[in-house]
Amino acid sequence: MEFLVKADPELWQRIGVDVTRLSKMREILSQMYKNMFLNQEIRPEGMKYFDEIVSNIHTGRIKEIVEAKEEGRVVVGAFCVYIPEEIVVALDGICIGLCGGSQATVPDAERILPRSICPLVKSAYGFRISRVCPYFQVADFVAGETTCDSKKKTWEVLNRDIETYVMEIPPMKRETERELLFKEVVRFKEELEKRSGIKLDEERLLKGVRIINRKRKALQRLNSLRQHDVLPISGKDVLLIEQIAYYDDPERFATKVEELCDELEDRIAKGIGYGEKKPLRVMISGTPMAFPNFKLHNIVERLGAIIVNEESCIGTRYFKDLVEEKNNLTDQLYAIVDRSMKVHCAIFTPNEERIERILEEYKNSKADGLIYYSLTFCQTYLIEAVKVKQTCEREGIPFLMVESDYSPEDVGQLQTRVEAFLETLRG
Ligand code: BJ8
């Protein structure tokens, strides 16, 4: 089957992309995508939309965003689920995820940033300075946050290249921090009001909340369909959808995920899926896997197991909770804060809720084992692995710890470790 990530050199030139380099990168991406995704045996028809999205990743969606900018709409580049996209959407803006998941731009970043920071930050920063990410090129500004040290210090460097606004995220979850986060959400709202020239009112915000809630609900539904014995979709495909959630138009995306869910429900009813072969079911927990980081999913699924859940910000942490609908602006802003406080990122301390949540998701997903995944140099997730491992041992949950970056160098070694882990599960 042919597959090509499309090119639009004229558009790329207009937005300041390094055309030669992006053209080469898209050829590599096309090949990788074809090998990893299009050769899967049982693939739902509804995945065609998401294939199209990948094919248009550097063209169609970028064109839409450029047109929106010409209409005066603000484009926000974000790196974290704490950035309230409900407010961006409520003020007619576009919120896009800029996390980097590719090794290709890591060496660019390492010419400036230290090598000993996480690859997600290096990849993204490298995309910006080498001008090969059209999304970075069309963002009006970056909304960063003070979550981990790697990110918060990189914003100071990134700010030399693109205006970087920083939202403070408190590291605890007491009432004091709730109030602090509320003030930060209000400050973000004011920043966007200034940029968009629109005043936020309760009607607009409720609309924004409903749009993003619908997107999260569709993802919840999709994830719940992986809990069936008949597994109607691969983990790789779901991870791809979870990544696309960060840059597609939210309403169109929700519609397409809902359509896919209808198809998957039909497949489950007819017994069509991976369940027939009784594959091992594996849950992943840990750091986000940004596009196009499919490394672990690819290894696990090539070895015949299927991934049934991602406890990650590109996964359940993004969509497990909705924003409660309120009828006045202040309460609605607090409801946004309260949802954020339920995102159990490892930057929080103490963070027992995450452990409880992992256990709950593990049970619901009917997984046979858990792989804890951390990007190299991500201190908070690496340290939190200690507690997760102890909990898994106590609960009798088979556990494997994987620390990796985006380079292909450790693929062989990872494959051997995953294979041995799957063997113990089979045993
Ligand atoms: S809420 S997980 S999106 S901070 S992997 S850059 S933590 S060193 S991405 Fe995250 Fe928000 Fe938390 Fe989610 Fe730092 Fe770790 Fe790198 Fe990370």
Side-chain angles (χ1 to χ4, degrees), residues 76-85 95-103 105-106 109-110 113-128 142-158 164 166-173 177 181 184-185 188 216 219 239 242-243 245-247 284-291 293 295-296 310-321 336-337 339-349 351 353-354 357-358 372-385 388 401-406:
V76 184
F79 280 87
C80 181
V81 295
Y82 290 112
I83 301 300
E85 59 178 313
C95 191
I96 40 178
L98 291 177
C99 289
S102 163
Q103 176 64 18
T105 53
V106 169
E110 285 178 346
L113 294 174
R115 295 190 71 199
S116 52
I117 60 173
C118 104
L120 187 146
V121 171
K122 284 190 286 190
S123 171
Y125 181 69
F127 269 114
R128 174 63 199 188
V142 166
E145 15 61 48
T146 60
T147 48
C148 69
D149 289 349
S150 294
K151 287 211 262 181
K152 75 178 165 216
K153 295 309 285 180
T154 298
W155 307 145
E156 295 171 21
V157 183
L158 184 66
T164 306
V166 182
M167 184 169 163
E168 184 174 353
I169 308 295
M172 295 181 91
K173 290 180 183 169
E177 283 80 22
L181 191 54
E184 283 298 291
V185 166
F188 181 73
R216 296 193 212 273
L219 287 164
L239 177 63
E242 288 165 342
Q243 291 168 341
Y246 283 90
Y247 60 89
I284 306 283
S285 166
T287 46
M289 294 168 171
F291 187 86
N293 176 15
K295 193 172 173 178
L296 186 58
E310 293 83 17
E311 187 274 328
S312 160
C313 285
I314 300 190
T316 56
R317 282 202 295 272
Y318 176 62
F319 56 76
K320 72 180 174 60
D321 299 299
I336 288 175
V337 170
R339 194 203 76 87
S340 289
M341 296 300 259
K342 290 186 206 147
V343 175
H344 308 308
C345 172
I347 59 126
F348 281 107
T349 184
N351 201 20
E353 298 93 334
R354 175 161 177 241
R357 183 69 204 178
I358 291 172
Y372 191 94
Y373 170 79
S374 178
L375 287 169
T376 40
F377 302 114
C378 176
Q379 291 163 338
T380 52
Y381 277 90
L382 282 169
I383 297 171
E384 204 149 275
V388 179
M401 170 74 197
V402 164
E403 183 183 348
S404 183
D405 57 17
Y406 299 154

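We count ligands from 1, going down the list as the structure has it; atoms in each ligand are counted the same way.
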Which of the atoms in ligand 1, numbered in the order shown and given with their element, are less than 4.0 Å from a heavy-atom of V121? 6 (S)
Regarding C80, does it place an N, O or S atom less than 2.8 Å from atom 11 (Fe) of ligand 1? yes
Under 4.0 Å from one or more heavy atoms of C313, ligand 1 contributes atoms 1 (S), 2 (S), 3 (S), 13 (Fe)
Per-atom contacts of ligand 1 with T147, taking only distances under 4.0 Å to non-hydrogen atoms: 4 (S)
Testing the basics here: between R317 and C345, what is the closest heavy-atom pair and its distance to 0.1 Å? CD-N, 4.2 Å
Check this for me, if you would: do R357 and E311 make a salt bridge, where the nitrogen-to-carboxylate-oxygen distance has to be below 4.0 angstrom? no
Which atom names give the shortest non-hydrogen contact between Y381 and Y372, and what distance separates them? O-OH, 2.8 Å
Under 4.0 Å from any heavy atom of V81, which atoms of ligand 1 are there? 1 (S), 3 (S)
Using a 4.0 Å heavy-atom cut-off, which part of A346 comes near ligand 1: side chain, backbone, both, or neither? neither
Which protein non-hydrogen atom lies closest to atom 15 (Fe) of ligand 1, naming both residue and atom, and how far is it? C378 SG, 2.3 Å
Take atom NZ of K153 as the centre, draw a 6.0 Å sphere, and report whether it contains more than 12 heavy atoms from other residues, nucleotides or ligands. no
for atom 17 (Fe) of ligand 1, nearest protein heavy atom and its distance come out as K151 CE, 4.4 Å
Assess C148: does it contribute an N, O or S atom lying under 2.8 Å from atom 14 (Fe) of ligand 1? yes
Check whether more than 12 heavy atoms from other residues, nucleotides or ligands sit under 6.0 Å from atom CD of Q379, and answer yes or no. no
Atom indices of ligand 1 within 4.0 angstrom of C118 heavy atoms, with elements: 5 (S), 6 (S), 8 (S), 16 (Fe)
Aromatic ring centroids of Y318 and Y246 under 6.0 Å? yes
Ligand-residue contact atoms, ligand 1 with Y82, heavy atoms, under 4.0 Å: 1 (S)
Which ligand 1 atoms are under 4.0 Å away from a heavy-atom of C345? 1 (S), 2 (S), 4 (S), 12 (Fe)
Within the structure, is a non-hydrogen atom of I347 found at a distance of less than 4.0 Å from ligand 1? no
Measuring only between side-chain heavy atoms, which start at C-beta, is E85 closer than 4.5 Å to V76? no
Ring-face cation contact, F79 with K151, 6.0 Å cut, 45° max: no
For atom 2 (S) of ligand 1, grab the closest protein heavy atom and report residue, atom and distance to one decimal in Å. Y381 OH, 3.2 Å
Indicate yes or no: at least one non-hydrogen side-chain atom of P170 is less than 4.5 angstrom from one of E184. no
